[in-house]
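Keep in mind that this is a model prediction, so the values were computed, not measured. Positions are given from 1 along the sequence.
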Amino acid sequence: MELEQNIKKKICEKLKVDQIEIINNSHLHQHHASSPKTKYSHLKIIVKSKEWYQQPRIKLHQMIYSILEQELKNVIHALEIEVIE
């Protein structure tokens with residue numbers, strides 16, 4: 001839970017978002033051979049933002065990947081990002 005809170009905080013400090021939700025889907029991938037056996041390996045981030053909803057998705061993905069660079073190197077194996085209005 002601490003990692004999820006840190007991720008929310010980091011994203012909210014850098015991007016204008018109305019709401020953010022993080023869903024941990026690691027349990028769905030625990031039996032995959034290439035999946036690391038961590039409890040935060042597969043995350044889905046749902047960003048609610050009128051501003052970002054109008055922008056190209058690739059731009060938001062690049063921003064989030066940049067913000068979470070350390071987490072992606074050390075903990076997160078897969079990251080799904082969804083933007084809603």
Side-chain angles (χ1 to χ4, degrees):
M1 191 67 148
E2 184 176 315
L3 178 67
E4 294 161 338
Q5 293 302 321
N6 287 338
I7 289 171
K8 284 182 184 182
K9 182 180 177 193
K10 286 177 85 169
I11 292 172
C12 290
E13 285 175 352
K14 302 281 185 182
L15 301 176
K16 185 176 180 181
V17 297
D18 302 316
Q19 187 177 357
I20 188 166
E21 179 182 358
I22 299 176
I23 301 169
N24 186 343
N25 288 324
S26 301
H27 65 283
L28 300 174
H29 303 273
Q30 64 187 356
H31 299 294
H32 297 180
S34 64
S35 179
K37 305 301 182 214
T38 66
K39 58 183 178 177
Y40 296 108
S41 61
H42 292 73
L43 299 179
K44 178 176 183 175
I45 298 176
I46 302 172
V47 176
K48 182 177 181 181
S49 174
K50 291 181 181 177
E51 180 178 314
W52 283 103
Y53 189 75
Q54 303 300 324
Q55 300 293 324
R57 295 293 187 263
I58 189 70
K59 187 175 178 183
L60 178 64
H61 284 229
Q62 290 169 336
M63 294 288 294
I64 290 177
Y65 272 74
S66 176
I67 292 167
L68 300 179
E69 181 178 7
Q70 291 296 3
E71 290 83 355
L72 287 162
K73 283 181 183 177
N74 299 314
V75 182
I76 302 170
H77 175 72
L79 183 62
E80 180 182 356
I81 302 168
E82 181 180 349
V83 184
I84 59 176
E85 188 173 25

Nearest heavy atoms of Asp18 and Lys50, plus distance in Å: OD2-N, 3.2 Å
Reported CD1-to-CD distance for the pair Ile67 and Glu13, which is rounded to 0.5 angstrom: 9.5 Å
Rounded distance [0.5 Å steps], CD in Glu71 versus CD1 in Ile64: 12.0 Å
Ile46 side, atom CD1; Ile81 side, atom CD1 - distance, nearest 0.5 Å: 11.5 Å
Side chain Ser49, main chain Val83, donor-acceptor under 3.5 Å: no
Hydrophobic cluster membership, Tyr65 vs Ile76, 4.5 Å side-chain cutoff: yes
Atom pair CG/CD of Leu15 and Gln55 - distance to nearest 0.5 Å: 11.0 Å
Steps toward side-chain contact (heavy atoms from CB on, under 4.5 Å) verdict (Ile11, Leu68): CA-CA 8 Å; Ile11 292 172; Leu68 300 179; 4.2 Å; yes
Members sharing Ile58's hydrophobic cluster (side chains within less than 4.5 Å): none
From OH (Tyr53) to CG (Leu60), nearest 0.5 Å: 13.0 Å
Glu4 versus Asn24, closest heavy-atom pair with distance: OE2-CB, 3.5 Å
Nearest-0.5 Å distance, CD1 of residue Ile7 to CD of residue Glu2: 11.0 Å
Which atom of Lys59 lies closest to which atom of Trp52, heavy atoms considered: CG-CZ3, 4.0 Å
Full working for side-chain contact (heavy atoms from CB on, under 4.5 Å) between Met63 and Lys14: CA-CA 9 Å; Met63 294 288 294; Lys14 302 281 185 182; 5.8 Å; no
Lys8, NZ: over 12 other non-hydrogen atoms inside 6.0 angstrom: yes
Evaluation steps, side-chain contact (heavy atoms from CB on, under 4.5 Å), between Glu21 and Lys48: CA-CA 8 Å; Glu21 179 182 358; Lys48 182 177 181 181; over 6 Å; no
